[in-house]
Amino acid sequence: MALPVRLLVLVLLVVVIGETGKLSTLRLLRAEPTQDRTALLAFINRIPHERRLRWDNSSACDWVGVTCDDNRTAVVFLRLPGVGLIGTIPSGTLGNLSALRVLSLRSNRLSGPIPADFRGLALLRSLYLQNNLLSGSIPSGLTQLTRLVRLDLSGNNLTGAIPFAINNLTHLTGLFLQNNRLSGNLPPINIDSLVAFNVSYNRLNGSIPKILEHFSASSFVGNLDLCGGPLPPCNPFFPSPAPSPAANPVNGSSKKKLSKAAKIAIAVAAGVVLLLILLLLLVCLAYRRRRQRARDKAAKGTAAATAARSGDTGMTSSSKDDLSGGVSGSGTASAVAAAERNRLVFVGKGGGYSFDLEDLLRASAEVLGKGSVGTSYKAVLEEGTTVVVKRLKDVAVSKREFEVHIESLGKVEHDNLLPLRAYYYSKDEKLLVFDYLPAGSLSSLLHGSRGSGRTPLDWDSRMRIALAAGRGLSHLHTAPQVVHGNVKASNVLLRTDLDSAALSDFGLHTLFGTTAPPNRVAGYRAPEVLETRRPTFKSDVYSFGVLLLELLTGKAPNQASLGEDGIDLPRWVQSVVREEWTAEVFDVELMRYPNIEEEMVQLLQVAMACVAIVPDTRPDLPDVVRMMEEIVSRTESNDEGRRVVGSGGPSPPPTTTP
Ligand SMILES: *[C@@H]1O[C@H](CO)[C@@H](O)[C@H](O)[C@H]1NC(C)=O
Ligand SMILES: *[C@@H]1O[C@H](CO)[C@@H](O)[C@H](O)[C@H]1NC(C)=O
Ligand SMILES: *[C@@H]1O[C@H](CO)[C@@H](O)[C@H](O)[C@H]1NC(C)=O
Ligand SMILES: *[C@@H]1O[C@H](CO)[C@@H](O)[C@H](O)[C@H]1NC(C)=O
Ligand SMILES: *[C@@H]1O[C@H](CO)[C@@H](O)[C@H](O)[C@H]1NC(C)=O
Ligand SMILES: *[C@@H]1O[C@H](CO)[C@@H](O)[C@H](O)[C@H]1NC(C)=O
Ligand SMILES: *[C@@H]1O[C@H](CO)[C@@H](O)[C@H](O)[C@H]1NC(C)=O
Ligand SMILES: *[C@@H]1O[C@H](CO)[C@@H](O)[C@H](O)[C@H]1NC(C)=O
């Protein structure tokens, strides 16, 4: 619970001291992990190493690369990347560190087999042995470490088959075996949490199991004779031997396939039903309006209709029918009662649009999405204008309140806020009209067609979009003092110029009362809103923090599936950061860009401050924006330096961080 606060304190400490890391060496207690110390000393004395590690007679918990638990009774992390360890890992040493969670020995010159006694590391969550010269087969002991989340054995000299028992590692999210000399068939690896997988550049043969086909070709390339799935199909005349019966994922895979097919079918069916309902509704509405008009005409005579039309002629262009509904500027009070009733009311500047409800109803509509406030349609009017029409459901305020509120929202103007252009209110139907931005939403850009060869959203773009959204929200909070109430990635709409990305759907929550189901913005909703059911400035800050986490991790907060059951994005990030695998929280798509880790960590700290559990400890939005601007400006001045330095001689080799 206190973790976010602690993180905020950490952020402040880092800012004040101006130095990262080494905070773990704060001495809290003077206990000593005696047994682990013995094991560590046995290890370091029996393995040659190039760089001197000062593992002296101070507490083992303060040694380079060693981290103990809070009680200083056991070693939980051992990280010795790139310290020039040479030779075989002595057995009976590291395998005795029974409380170890993270073991990193990557980028050394370790050779020989992976010790069998690693099976004793029962609590291990991450094992990084990549880029060494380890040989032999993958020991069966590793497949008993059922808590493993990351297993990286890539870039070694491992031989033999990939054991089917890998399936024992049910929490695995990343399995990296590329660049070894592994042979034989690829076993069906049926682990739900697995998101990163690579067996490229080995000597595997046979067909790729169905369950692994969704990984891209680059996870499999460079093997002796691997085929099927994303690679070229297998030769049908010489079928590769089927995996051994024991290795058959009897239920899991087929169940999964079925459910996927079922999901698609359901989605399609839902789409069709939605369209049908919309069509029916539009027909009903048009019919009702026609009857209404006939009645009005009968009552008031044709003079009224003529007056209504002549009143509109300045603005309507394309409507050819005999219309009583018309377009009117926000201030123009029409004298005609009939026209009043079915009027599309333009607010703010109205966007210079000239169309009316009839035009909207005639427009070709396409469902854009079913959001938390209602369904959105893209409507292409006959004259070629495109707008977004939002059909609000469950509106719980009177017509008067609705009008006053929408009129005030219409006055909000900022480059990073999507303007509201018009509304329509009747007993049965409440519509809002917005500009249509063809570039789509941040959500679709970030999560759409992931892994299918799309161009990932780079770091610079993510930062610009985040800043744009932050500025919009900051304006909303300061000038018109409106609570957004629905900050999420699908409400961040993009323009070609990413700096003018715009937040949509602001301030609509007050239209729905508090009876609305609390799951309106699942994943982004601040914890206190579950009780109060009323969004506040501070709950907007929370949602914005989740949005930042989404940009950093590439994970959608409302789709759960963050490994463990139903855990939300802030809690997931907190757990990962607490376990000090900070680098692992970041989106794998960001890993290809060099020199951004520091910025990512800084933005992560801002985001964590925003998702504090206690609302009052969250920063205000203008402060959040200021912190983000500082991150960007610091980088820009750094880049300047980098460019000047780098322009002369040969560029230095890329450095790796532990
Ligand atoms: C590791 O544990 C084994 C058995 O528990 C023990 O015999 C051995 O001495 C230990 N090694 C070290 C270096 O403490
Ligand atoms: C470390 O041990 C040596 C003797 O082995 C002793 O002279 C020295 O004072 C000790 N240093 C500390 C910091 O305890
Ligand atoms: C610290 O020790 C206490 C009591 O021995 C124990 O309950 C607690 O779980 C320990 N904490 C850690 C992090 O090991
Ligand atoms: C890998 O192991 C083979 C023997 O199994 C050996 O011939 C080869 O030199 C090793 N490769 C490296 C890079 O150590
Ligand atoms: C799989 O894990 C279980 C414990 O969960 C263990 O008993 C078994 O030996 C493991 N199988 C293999 C092949 O490692
Ligand atoms: C795959 O390789 C193994 C040994 O590495 C061999 O026994 C088997 O016949 C090969 N299978 C195919 C289809 O080539
Ligand atoms: C797998 O590893 C190879 C070799 O390092 C690399 O080229 C490829 O991009 C990786 N594929 C994935 C999906 O990570
Ligand atoms: C397959 O499902 C049956 C029950 O439907 C279950 O008893 C069996 O253990 C399952 N087998 C595997 C390999 O999951």
Side-chain angles (χ1 to χ4, degrees), residues 32-47 55 60 66 74-75 78 86-100 106-122 128-138 141 150-162 172-183 186 189 194-204 208 212-223 226 229-231 450-456 554 584 586-593 654 656:
E32 179 70 11
T34 327
Q35 284 176 9
D36 287 355
R37 182 193 177 97
T38 312
L40 285 173
L41 282 175
F43 169 71
I44 208 68
N45 290 335
R46 284 168 56 187
I47 191 160
W55 282 10
V66 179
V75 174
L78 180 61
I86 301 168
T88 310
I89 304 172
S91 57
T93 59
L94 298 185
N96 283 23
L97 301 173
S98 55
L100 209 57
R106 66 179 171 86
S107 308
N108 283 292
R109 281 193 277 150
L110 297 169
S111 53
I114 299 171
D117 66 1
F118 274 12
R119 90 170 73 81
L121 306 175
Y128 302 105
L129 297 177
Q130 68 267 34
N131 301 328
N132 281 292
L133 302 166
L134 296 168
S135 56
S137 57
I138 299 175
R150 304 292 273 197
L151 178 56
D152 196 334
L153 304 177
S154 64
N156 280 293
N157 200 4
L158 298 174
T159 51
I162 300 175
L172 214 55
T173 64
L175 178 60
F176 306 93
L177 300 175
Q178 70 269 25
N179 295 313
N180 279 291
R181 304 197 304 149
L182 298 166
S183 56
L186 188 56
I189 298 175
L194 196 64
V195 290
F197 176 76
N198 202 336
V199 291
S200 60
Y201 301 102
N202 277 290
R203 298 182 175 183
L204 300 171
I208 295 175
L212 294 172
E213 278 180 353
H214 65 279
F215 291 106
S216 71
S218 82
S219 293
F220 303 102
V221 293
N223 275 291
L226 211 51
L231 299 182
R450 212 162 237 266
S452 58
R454 72 190 190 123
T455 320
E584 285 173 37
F586 298 122
D587 190 346
V588 288
E589 286 189 347
L590 286 174
M591 292 307 162
R592 67 174 68 187
Y593 305 106
T656 49

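Hydrogens, waters and symmetry mates play no part in the numbers below; they use all other heavy atoms, side chains included. None of these values were measured; they are calculated from a predicted model. Counting starts at 1 for both ligands and their atoms, following the listed order.
Atoms of ligand 7 lying under 4.0 Å from at least one heavy atom of Ser219, given by number and element, are 13 (C). Contact atoms of ligand 7 toward Gln178: 2 (O), 5 (O) (distance under 4.0 Å to a heavy atom of the residue). Here is the list of ligand 7 atoms found below 4.0 Å of a heavy atom in Asn179: 4 (C), 5 (O).
Note that CD1 of Ile89 and OG of Ser111 are 9.0 Å apart. Values are rounded to the nearest 0.5 Å. In this structure, the separation between CD1 on Ile44 and OG1 on Thr93 is 9.5 Å, given to the nearest 0.5 Å.
Checking only distances, Ser200 does come within under 3.5 Å of ligand 7, N or O to N or O. Polar contact with ligand 7: absent for Tyr201 (N/O pair, distance under 3.5 Å).
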Show me the short polar-atom pairs for ligand 1: any N or O of it lying under 3.5 Å from a protein N or O, with distances only.
| residue | atom | partner | partner atom | Å |
| --- | --- | --- | --- | --- |
| ligand 1 | 2 (O) | Asn96 | OD1 | 3.2 |
| ligand 1 | 2 (O) | Asn96 | ND2 | 2.3 |
| ligand 1 | 11 (N) | Gly92 | O | 3.1 |
| ligand 1 | 11 (N) | Asn96 | ND2 | 2.8 |

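At a heavy-atom distance under 4.0 Å, no atom of Val221 approaches ligand 7.
Between the side chain of Ser219 and the backbone N or O of Phe197 there is at least one donor-acceptor pair closer than 3.5 Å. Side chain of Asn96 to backbone of Thr38: no donor-acceptor contact under 3.5 angstrom is found. The main-chain N or O of Asn223 is never found under 3.5 Å from a side-chain atom of Asn202 such that the two would form a donor-acceptor pair.
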message = Go through it in stages, so that I can follow the logic: the residues are Leu175 and Leu194, the test is side chain to side chain contact (heavy atoms under 4.5 Å, CB included), and I'd like the CA-CA distance, side-chain angles, deciding distance and then a yes or no.
response = CA-CA 8 Å; Leu175 178 60; Leu194 196 64; 4.0 Å; yes
request  = Would you please test Val66 and Leu78 for side chain to side chain contact (heavy atoms under 4.5 Å, CB included) and show each step?
outcome  = CA-CA 5 Å; Val66 179; Leu78 180 61; 3.9 Å; yes
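Among residues two or more places apart in sequence or in another chain, the side chain to side chain donor-acceptor pair (under 3.5 Å) test is passed with Arg181 by Asn157.
Put simply, the side chain of Asn156 does not reach to within 4.5 Å of the side chain of Ile114, judged on heavy atoms.
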